[in-house]
J.: 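Here's a structure for you.
Indexing begins at 1, ligand by ligand and atom by atom, following the structure's order. Atoms considered below: every heavy atom in the structure, side chains included; atoms not considered: hydrogens, waters and symmetry mates.
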Amino acid sequence: MSNTITAPAFDIARIRADFPLLEGEMRGKPLVFLDSAASSQKPQQVLDALDYYYRHQNANVHRGVYELSQQATDAFELGRERARHFLNAGSTEEVIFVKGCTDGINLVASSFGRKFLREGDEVIISAMEHHSNIVPWQLACEYSGAILKVIPINDRGELIMEEYKKLLSERTQIVSIVHVSNALGTINPVKEIIDLAHDRDIPVLLDGAQATPHLKVDVQALDVDFYAFSGHKVFGPTGIGVLYGKKKWLDAMPPYQGGGEMIATVSFEKTTYNELPFKFEAGTPDISGAVGLGVALEYIEQIGQDNISAHENHLLEAATKQLLEIDGLSIIGTAENKASVISFLIEGTHPYDLGTILDKLGIAVRTGHHCTQPLMDRFEIPGTVRASFAVYNTMEDVDKLVAGVKRAANMLR
Ligand code: PLP
């Protein structure tokens with residue numbers, strides 16, 4: 001979180017007008033949508049792109065010699081090029097379409113794990129990981145006999161970097177860390193994490209599910225080895241996401257799944273695999289998803305990630321300040337460097353009850369463990385109420401949240 005409160009550098013009313021669902025009502029009240037960390041709303045531009053694709057371009061890709069199939073392929077590959085541009089990847093060979101962030105991490109844990117993890121090797125994750133960046137590695141460790149090591153965090157919800165340095169060893173095969181925590185909002189010092197791992201030639205995967213909607217990500221500047229994110233959190237469709245991987249790793253890794261598209265030749269004796277990125281894309285891909293995702297990423301770039309960050313920080317600071325004035329309210333996750341998420345608890349109330357009352361007021365927040373049960377255990381809490389902001393949220397949303405939380409707290413105590 002920055003210390004200065006800056007005014008939005010763009011026209012928020014115009015941005016909101018792009019999102020038809022936000023004009024609607026919920027429980028008879030104007031919707032206050034504060035759960036974008038779970039899934040974002042979609043702008044008209046993305047809805048139009050999906051509609052256009054199915055009305056005018058729909059066919060299978062990379063297969064037909066006929067014109068329509070070529071148009072579908074062009075639209076699909078434009079989505080890949082837009083994803084490459086969004087991440088500043090060096091080549092579209094390094095941009096693999098997956099189902100989402102979870103699928104991307106599973107691809108690496110499974111494929112990299114099969115090739116590079118052996119008994120006694122170590123995989124480093126952190127105490128603030130989403131289950132999607134824990135369980136795939138537990139599976140890989142189970143199959144290989146490797147051991148999972150966990151970087152601890154401090155009470156503010158920041159990684160203890162001294163402990164990370166101690167965990168890195170000649171046994172470490174990969175480090176897999178969340179870029180921005182979905183439950184705490186912490187922005188991790190990913191460049192430092194990567195540089196320390198690279199000093200020992202250890203590759204790093206970043207879980208970018210919560211970073212991509214809010215921050216500019218440049219995989220070449222980071223020099224990261226793998227980067228995964230989900231389309232539905234960046235204003236794109238569900239069912240599509242991206243795994244960036246450095247070519248040298250993707251070339252060395254075996255295919256994740258077998259089927260059509262990922263092969264060069266098949267006989268019953270031997271199959272040879274397609275070139276990158278298709279080697280990792282078995283079966284008919286989510287074509288419309290890739291088209292919609294490309295438009296969503298372009299939408300973000302047109303607004304500008306710096307503008308998005310400034311606007312959201314403005315909301316985050318105001319909400320943090322006002323919520324902390326409420327008697328008995330504590331914020332879980334008070335890192336120096338935060339993005340877009342406020343997790344909180346109110347003494348004497350259960351997060352679920354708070355969330356239910358807020359829902360009655362038309363305010364959509366998340367309650368529970370946020371798929372980070374080990375993190376909740378670390379703080380010895382059952383869960384939190386989480387409000388998360390996106391580019392389309394306003395100061396009015398913040399005011400309604402604060403008023404709603406005050407009302408709910410008074411009712412519950
Ligand atoms: N990682 C983080 C930090 C997340 O917040 C999420 C979803 O909330 C995921 C991974 C998984 O994303 P998906 O369910 O879209 O695969």
J.: Looking only at side-chain N and O atoms, does His85 offer a donor or acceptor that is under 3.5 Å from a partner on Glu301?
T.: yes

J.: List in chain and number order the residues that pass side chain to side chain donor-acceptor pair (under 3.5 Å) with Thr284, two or more places apart in sequence or in another chain; answer none if no residue qualifies.
T.: Asn60

J.: Within this structure, what is the CZ-CG distance for the pair Phe344 and Leu323, rounded to the nearest 0.5 Å?
T.: 5.5 Å

J.: Any ion pair linking Asp397 and Arg16 (charged N to carboxylate O, less than 4.0 Å)?
T.: yes

J.: Who's touching ligand 1 if we go heavy atoms under 4.0 Å?
T.: Cys101, Thr102, His130, Ser132, Val178, Asn182, Asp207, Ala209, Gln210, Ser230, His232, Lys233

J.: Could you measure the distance from the NE2 atom of His314 to the CE atom of Met395? Nearest 0.5 Å is fine.
T.: 3.5 Å

J.: Against Phe112, only a single residue in Trp249, Phe280, Tyr143 fulfils ring pair (Phe, Tyr, Trp, His ring centres under 6.0 Å); can you say which?
T.: Trp249

